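All of these numbers come straight from a predicted model, not from anything done at the bench. In what follows, every chain begins at residue 1, and chains take the letters A, B, ... in the order their sequences are listed.
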Number of protein chains: 2
Amino acid sequence: MSLTKVAPRSRAKAKEGYHHGDLETALLVHAKKLISQNGVENLSLRQVAAKVGVSPSAAYHHFPDKDALLRAAAKSAFEDMAEFQVASQQNFKGTSALAARKRFRALGISYVGFAQTNPHLFRLSFGPYCGGDEMARGESRPWQLLVASLDQLMAAGEIHPKIRPHAEVLVWSAIHGAATLILDELLPEAALESILDAIEISLKSSGKVGNK
Amino acid sequence: MSLTKVAPRSRAKAKEGYHHGDLETALLVHAKKLISQNGVENLSLRQVAAKVGVSPSAAYHHFPDKDALLRAAAKSAFEDMAEFQVASQQNFKGTSALAARKRFRALGISYVGFAQTNPHLFRLSFGPYCGGDEMARGESRPWQLLVASLDQLMAAGEIHPKIRPHAEVLVWSAIHGAATLILDELLPEAALESILDAIEISLKSSGKVGNK
DNA sequence: GAGGGTATCTGAACAATATTCAGATTATGG
DNA sequence: CCATAATCTGAATATTGTTCAGATACCCTC
């Protein structure tokens, strides 16, 4: 299932011959490539097989059906986003509160940036083909990145202790919602900055509001 | 395009005979019914036509292609959600700050509640078949409901004037993100309450946080 | 290093699908 | 009342997911 899996006999690069070498990852790579161009709803197994240069039925020796391939592609795309996010944070180092806040914002901006750069892959990662159990909360890279960033923000005194336990869900919800609504053209791209501001405010405040 | 469109010769109820009477809405209704059962990705035009009791090609006299039917269904489902939300607010009347806040929370809870009750329809409303221009921000019912609720909250003194302009995008993003992440089982259902609390805090505070 | 077993790939087949089109049927307007 | 337009049918086509028998290459054992 791993993308870096080594083919038997280490022939991962053999593109000629009856046996492909590493069809599983080749199918995944080309599936993602085609999806990022045309969207999941317009992807066919036969297209992927043709791109890889293999018979349509060959795929069934590596994935039980099309849905399994799509689920694997969704999981892979999810990790692509994590890489994209990691790269965006390299520019802001240090332990100061300002650096922590800049990294935090970069994390959110890169989340939405990935969605805008690869809309079809972003939509693939969530929705019907979302891994569910496998990439459950706590296990996924994006979630770990978020936890780490919030820990740094907390250490820098930018989060009120009382709401720290609820910080992850709030931030992820707001950023994810912004990303999808911007993709659907229901919100303008500029909305992201307002949302990030509001999140920072909410994180810093005490966590109690008027009587219910 | 309207759901309540009256058929020519007012024969909307005629189910017998060569002509159907109001095929367009019948297709929409049954499409939504099938989608809510099996999801968009498992819907076929022929299924819908069969349910309605009509030939597959008949649909092409009312929708240019399958995508057009799905887009119309998405738009219709979006308005279904608005109805669901309106119903949820009937229990909390009055102009007090407490009533306004209860209505506000009911609006968010019903948004997520609709997503959980009709996951397939909720996913249909957004994503690839989202109306885009037609149901652009400002025009859609859910957006209008949100604006109205925030106006009431503002009048009750529960929103700081400085962040009132950014309130809609923040709230919609956070609630929409929560709904989709809960659907994907990436967040627990209980996260919604934390998010609503955090939103209320953010709305009431002044809108400025430490130096950048 | 030779041979058998196994994993992998092909090619043909099948049912279901979206879409088109000629023709049949009904409604509508003059 | 009749002609024209709107609506529906039925058949046809190309593409799809999936299965399966058979061909091919790899790997392990002897």
**OP:** Please confirm whether the backbone N or O of F78(B) pairs with a side-chain atom of R141(B), one donor and one acceptor, at under 3.5 Å?
**Re:** no

Original post:
To the side chain of S57(B), which of dT18(D), dT19(D), dC21(C) is closest?
Top reply: dC21(C)

Original post:
Taking atom P of dC20(D) as reference, at what distance in whole Å does atom OH of Y60(A) sit?
Top reply: 12 Å

**OP:** Measure the distance from CG on N42(A) to C1' on dT16(D) and round it to the nearest whole Å.
**Re:** 13 Å

Subject >> H61(A) side-chain proximity, nearest of dT19(C), dC9(C), dG10(D) >> reply: dC9(C)

Original post:
Taking atom P of dT8(C) as reference, at what distance in whole Å does atom CG of D22(A) sit?
Top reply: 10 Å

Original post:
Would you say S36(B)'s side chain and K33(B)'s backbone share a donor-acceptor pair under 3.5 angstrom?
Top reply: yes

Original post:
Rounding to a whole Å, what distance do you find between D67(B):CG and dA18(C):C1'?
Top reply: 11 Å

Original post:
So, does S202(B) use its side chain to make a donor-acceptor pair with the main chain of A198(B) at under 3.5 Å?
Top reply: no

**OP:** Test R105(B) against D197(B) for salt bridge (Lys or Arg N to Asp or Glu O under 4.0 Å), laying out the working first.
**Re:** CA-CA 9 Å; R105(B) 290 184 85 94; D197(B) 290 343; 3.0 Å; yes

**OP:** Among dT9(D), dT18(D), dC9(C), find the nucleotide with the atom closest to the side chain of S55(B).
**Re:** dT9(D)

Subject >> Phosphate OP1/OP2 of dA7(C) contacted by H62(A) side-chain N/O (<4.0 Å) >> reply: no

Write out a two-atom table: protein N or O, nucleotide N or O from nucleotides 12-15 of chain D, distance below 3.5 Å.
none

Name every donor-acceptor pair, under 3.5 Å, that has one atom in a side chain of residues 107-122 of chain A and the other anywhere in the protein, sequence neighbours excluded.
unit_1  : atom_1 : unit_2  : atom_2 : d
S110(A) : OG     : S88(A)  : OG     : 3.3
S110(A) : OG     : A106(A) : O      : 2.9
S110(A) : OG     : L107(A) : O      : 2.8
Y111(A) : OH     : W172(A) : NE1    : 3.0
Y111(A) : OH     : H176(A) : ND1    : 2.7
T117(A) : OG1    : G113(A) : O      : 2.7

**OP:** Take atom CZ of F63(A) and atom P of dT8(C), then tell me their distance rounded to the nearest Å.
**Re:** 12 Å

Subject >> Touch class at under 4.0 angstrom, heavy-atom based, for L43(A) against every strand present >> reply: sugar-phosphate

Original post:
Relative to the 5' end of DNA chain C, which residue comes earlier, K66(B) or A59(A), by the nucleotide with the nearest heavy atom?
Top reply: A59(A)

Original post:
For Q47(A) and dT18(D), what is the distance between atoms CD and P respectively, to the nearest whole Å?
Top reply: 15 Å

Subject >> Whole-Å distance separating the CG atom of D65(B) from the C1' atom of dT17(C) >> reply: 14 Å

Original post:
Where the side chain of L45(A) is defined as all heavy atoms beyond and including C-beta, which of dT16(D), dG17(D), dT20(C) is the nearest nucleotide?
Top reply: dG17(D)

Subject >> Distance in angstrom units between E41(B) CD and dA16(C) C1', rounded >> reply: 17 Å

Original post:
Is the number of heavy atoms from other residues, nucleotides or ligands within 6.0 Å of CD (Q144(B)) greater than 12?
Top reply: yes

Original post:
Is there a donor-acceptor pair closer than 3.5 Å between any side-chain N or O of R46(B) and the backbone N or O of P56(B)?
Top reply: no

